[in-house]
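In each ligand, atom 1 is the first atom listed, and ligand 1 is the first ligand listed. Heavy atoms only: backbone and side chains are in, while hydrogens, waters and symmetry mates are out. In this text the structure is predicted, and so the values were computed from the model without any measurement.
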Amino acid sequence: CYYDSELEKQIIREQEIEKELHLAETDPADGGLYLQYQPILDLRTNRICEFEALARLNSNSLGLVPPMEFIPIAERSKLIIPLGYKIFRQAFQFLNKLKENGYGKIRVSVNVSILQLLTRDFCENLLGMIREMQISPDRVGIEITESIFSSNYTEINNILVTLKKAGLYISIDDFGTGYSSLARESELNVDYLKVDKYFTDRMLANPGKSIVADIISMAYKLDHCTIAEGVESREQVRYLKEYGCDKIQGYIISRPLDEKDAIEFLKKHDKSFAKVT
Ligand code: C2E
Ligand code: CA
Ligand code: CA
């Protein structure tokens with residue numbers, strides 16, 4: 001009985017989330033769907049070079065629903081396709097605000113679900129939106145998780161070639177956790193490998209055996225740069241710097257921020273990272 005009632009609650013919650021996602025799709029103001037932005041620090045210059053856009057869903061009935069919960073529902077219901085474009089649109093509006101505030105060089109990367117990436121006309125639609133909103137393509141990044149390369153490898157790589165040719169940059173997210181083969185990695189048309197928090201967390205427990213240093217040196221040999229995710233301590237920053245990691249992202253720099261706070265953050269903190277690193 002207990003199991004049944006828990007299961008029922010879960011089903012009702014998922015239905016509620018799907019309803020909110022439908023609302024976000026039809027509402028010109030995107031309902032409860034909005035983005036937060038987490039800064040990424042360039043370890044060589046000690047400056048913020050980029051933000052990662054992270055989707056949020058604020059529902060009247062459920063409050064804030066975490067992306068790990070609503071993104072899979074959006075994918076199952078295929079709502080991720082229209083919502084994915086809304087996410088891009090919001091991210092591009094943020095890019096234009098950054099420019100207005102004098103941060104015209106800072107980039108924004110957006111997480112893209114495989115389902116959206118593989119829809120017909122994805123490149124055309126995205127590049128059309130970039131032109132329409134007068135965004136410079138080299139300020140736009142897309143992040144795709146490593147696990148998606150287990151299927152449709154050639155098709156995905158062709159899409160990445162088109163996007164890279166247009167000037168966008170590509171990151172492989174959660175690197176090290178999904179399917180990957182070295183041979184294929186070297187053929188991939190990507191710019192960055194994002195080292196998953198799983199490895200960042202374990203890096204200092206046994207530094208001699210940490211594979212983070214190996215990922216960084218492998219990435220370097222393949223002409224990819226590295227971004228370490230989930231960096232929380234100064235010791236981690238020191239280790240990453242020592243092994244030549246290019247960029248870091250994590251609570252040591254900042255949690256994901258609302259748009260206004262992200263711009264305030266740049267104004268206040270952009271010159272003060274010498275203290276952290
Ligand atoms: P992700 O792309 O790996 O995003 C990084 C996650 O790590 C974010 O969680 C971020 O808030 C969290 N994080 C960053 N730094 C730290 C840290 O120092 N410590 C800890 N404990 N956590 C940290 P979030 O925002 O909950 O996002 C979870 C996942 O949801 C993302 O993982 C991504 O896979 C997915 N997601 C988020 N936004 C979108 C989106 O717009 N589209 C798609 N398709 N997926 C998205
Ligand atoms: Ca990501
Ligand atoms: Ca990640």
Side-chain angles (χ1 to χ4, degrees), residues 17 21 24-25 30 32-41 48 50-58 63-94 107-119 122 126 140-148 169-178 180 190-204 212 215 226-237 240 245 247-259 261-262 265 276:
I17 293 171
L21 292 170
E25 186 209 351
D30 301 349
L33 180 76
Y34 68 100
L35 298 182
Q36 282 195 316
Y37 300 93
Q38 189 174 31
I40 298 176
L41 182 82
I48 301 299
E50 181 180 337
F51 286 96
E52 176 176 2
L54 292 157
R56 304 286 178 253
L57 183 68
N58 198 357
L64 207 57
V65 183
M68 296 300 252
E69 190 176 5
F70 74 79
I71 296 284
I73 297 172
E75 287 175 338
R76 267 203 306 279
S77 58
K78 302 231 166 41
L79 282 165
I80 194 69
I81 297 166
L83 293 179
Y85 288 118
K86 289 196 167 224
I87 287 169
F88 271 115
R89 193 165 285 279
Q90 287 192 19
F92 293 166
Q93 280 161 357
F94 176 62
R107 313 196 290 193
V108 172
S109 63
V110 177
N111 293 284
V112 178
S113 163
I114 172 90
L115 210 70
Q116 185 178 22
L117 192 82
L118 289 176
T119 45
F122 171 71
L126 181 62
V140 180
I142 69 163
E143 297 193 9
I144 43 180
T145 55
E146 189 199 11
S147 57
I148 68 166
Y169 65 100
I170 319 281
S171 303
I172 302 288
D173 210 350
D174 307 335
F175 186 76
T177 60
S180 154
V190 304
D191 303 284
Y192 288 98
L193 301 184
K194 294 193 83 169
V195 180
D196 194 71
K197 185 173 185 304
Y198 177 87
F199 298 108
T200 312
D201 282 345
R202 282 155 187 76
M203 192 166 70
L204 299 175
V212 172
I215 296 179
T226 41
I227 303 176
E229 293 187 296
V231 181
E232 292 179 349
S233 74
R234 287 180 189 208
E235 290 71 34
Q236 291 173 329
V237 178
L240 290 162
C245 180
K247 295 171 183 180
I248 57 170
Q249 175 180 4
Y251 293 173
I252 183 105
I253 307 301
S254 166
R255 288 176 182 257
L257 300 166
D258 287 337
E259 191 171 292
D261 296 333
F265 179 86
V276 175

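There is no side-chain donor-acceptor pair under 3.5 Å between Glu143 and Ser171. Using modelled atom types, one finds no donor on one side chain facing an acceptor on the other under 3.5 Å when comparing Glu52 with Ser109.
Each of the atoms 2 (O), 4 (O) of ligand 1 lies under 4.0 Å from some heavy atom of Glu52. Annotation for ligand 1: atoms under 4.0 Å from non-hydrogen atoms of Asp174 are 3 (O). Interface of Val231 with ligand 1, defined as ligand atoms under 4.0 Å from a residue heavy atom, comprises 18 (O). In the vicinity of Gly250, heavy-atom distances shorter than 4.0 Å reach the ligand 1 atoms 15 (N), 18 (O). When each atom of ligand 1 is checked for a heavy atom of Ser113 under 4.0 Å away, the hits are 44 (N).
Test Leu117, Asp173, Thr145 against Val112 for side-chain contact (heavy atoms from CB on, under 4.5 Å) and you get one pass: Leu117. For the side-chain contact (heavy atoms from CB on, under 4.5 Å) with Ser113, the lone residue among Ile71, Ile144, Ile80 that qualifies is Ile80. Under the side-chain hydrogen bond (donor to acceptor under 3.5 Å, both in side chains) test applied with Gln249, the options Lys194, Glu229, Glu50 reduce to a single match, Lys194.
The distance from the CG atom of Leu21 to the CZ atom of Phe70 is 7.0 Å, given to the nearest 0.5 Å. Here Asp261 contributes atom CG and Arg255 contributes atom CZ; the two are 13.5 Å apart, rounded to the nearest 0.5 Å. Interatomic distance, Ile227 CD1 to Thr200 OG1, rounded to the nearest 0.5 Å: 11.5 Å.
Scored by the ring-ring contact (aromatic ring centres under 6.0 Å, His included) test, Tyr37 finds Phe94 as partners (sequence neighbours excluded). For Arg89, the side chain to side chain contact (heavy atoms under 4.5 Å, CB included) partners are Gln93, Met129, Glu132, Met133, not counting sequence neighbours. Residues that satisfy the salt bridge (Lys or Arg N to Asp or Glu O under 4.0 Å) test with Glu259, not counting sequence neighbours, are Lys97.
Contact of the Val231 side chain with the Tyr251 side chain is not registered, since no non-hydrogen atoms from C-beta on lie closer than 4.5 Å. By the 4.5 Å heavy-atom criterion applied to side chains, Leu57 and Tyr34 are not counted as neighbours. Side-chain contact check for Leu33 versus Leu83: some heavy-atom pair is nearer than 4.5 Å. For the pair Val237/Ile248, a side-chain contact is recorded, criterion being any heavy-atom separation below 4.5 Å from C-beta on.
One option in Leu54, Leu35, Ile87 has a heavy atom closer to atom 31 (C) of ligand 1 than any other, and that option is Leu54. Heavy-atom proximity to atom 40 (C) of ligand 1, evaluated over Asn111, Thr145, Val110, is greatest for Asn111. When Gln36, Arg56, Glu75 are checked for heavy-atom proximity to atom 25 (O) of ligand 1, Arg56 turns out nearest.
For Gln249, no nitrogen or oxygen atom sits less than 3.5 Å from a nitrogen or oxygen atom of ligand 1, counting backbone and side chain alike.
Within a 4.0 Å radius of atom 46 (C) of ligand 1, the protein contributes one or more non-hydrogen atoms. Shown here, atom 34 (O) of ligand 1 is out of close reach of the protein: none of its heavy atoms lies under 4.0 Å off. Checking atom 43 (C) of ligand 1 against the protein gives a heavy-atom contact under 4.0 Å.
Not a single heavy atom of Gln116 sits less than 4.0 Å from an atom of ligand 1. In this structure, Glu232 is part of the shell of residues with a heavy atom less than 4.0 angstrom from ligand 1. Within the 4.0 Å heavy-atom shell around ligand 1 one finds Gly230.
The shortest contact between atom 38 (N) of ligand 1 and any protein heavy atom is with Ala55 N, 3.0 Å. Protein heavy atom closest to atom 28 (C) of ligand 1, with residue, atom name and distance, is Met68 SD, 3.6 Å. In terms of protein heavy-atom proximity, atom 20 (C) of ligand 1 is closest to Lys197 CE, 3.2 Å. Distance from atom 16 (C) of ligand 1 to its nearest protein heavy atom, with residue and atom name: Tyr251 CE2, 3.3 Å. Regarding atom 2 (O) of ligand 1, its nearest protein heavy-atom neighbour is Asp173 OD2, 3.0 Å. Shortest contact from atom 5 (C) of ligand 1 to any protein heavy atom: Glu229 OE2, 4.2 Å. The shortest contact between atom 27 (O) of ligand 1 and any protein heavy atom is with Pro67 CG, 3.5 Å. Of all protein heavy atoms, the one lying nearest to atom 11 (O) of ligand 1 is Pro256 CG, 3.4 Å.
Judged purely by atom type and a 3.5 angstrom limit, Lys247 has no side-chain atom pairing as donor or acceptor with the backbone of Ala228. Between the Thr119 side chain and the Phe122 main chain, no donor and acceptor come within less than 3.5 Å of each other.
Around the Ca ion (ligand 2), the protein N, O or S atoms found under 3.0 Å comprise Glu52 OE2, Asn111 OD1, Glu143 OE1, Asp173 OD2.
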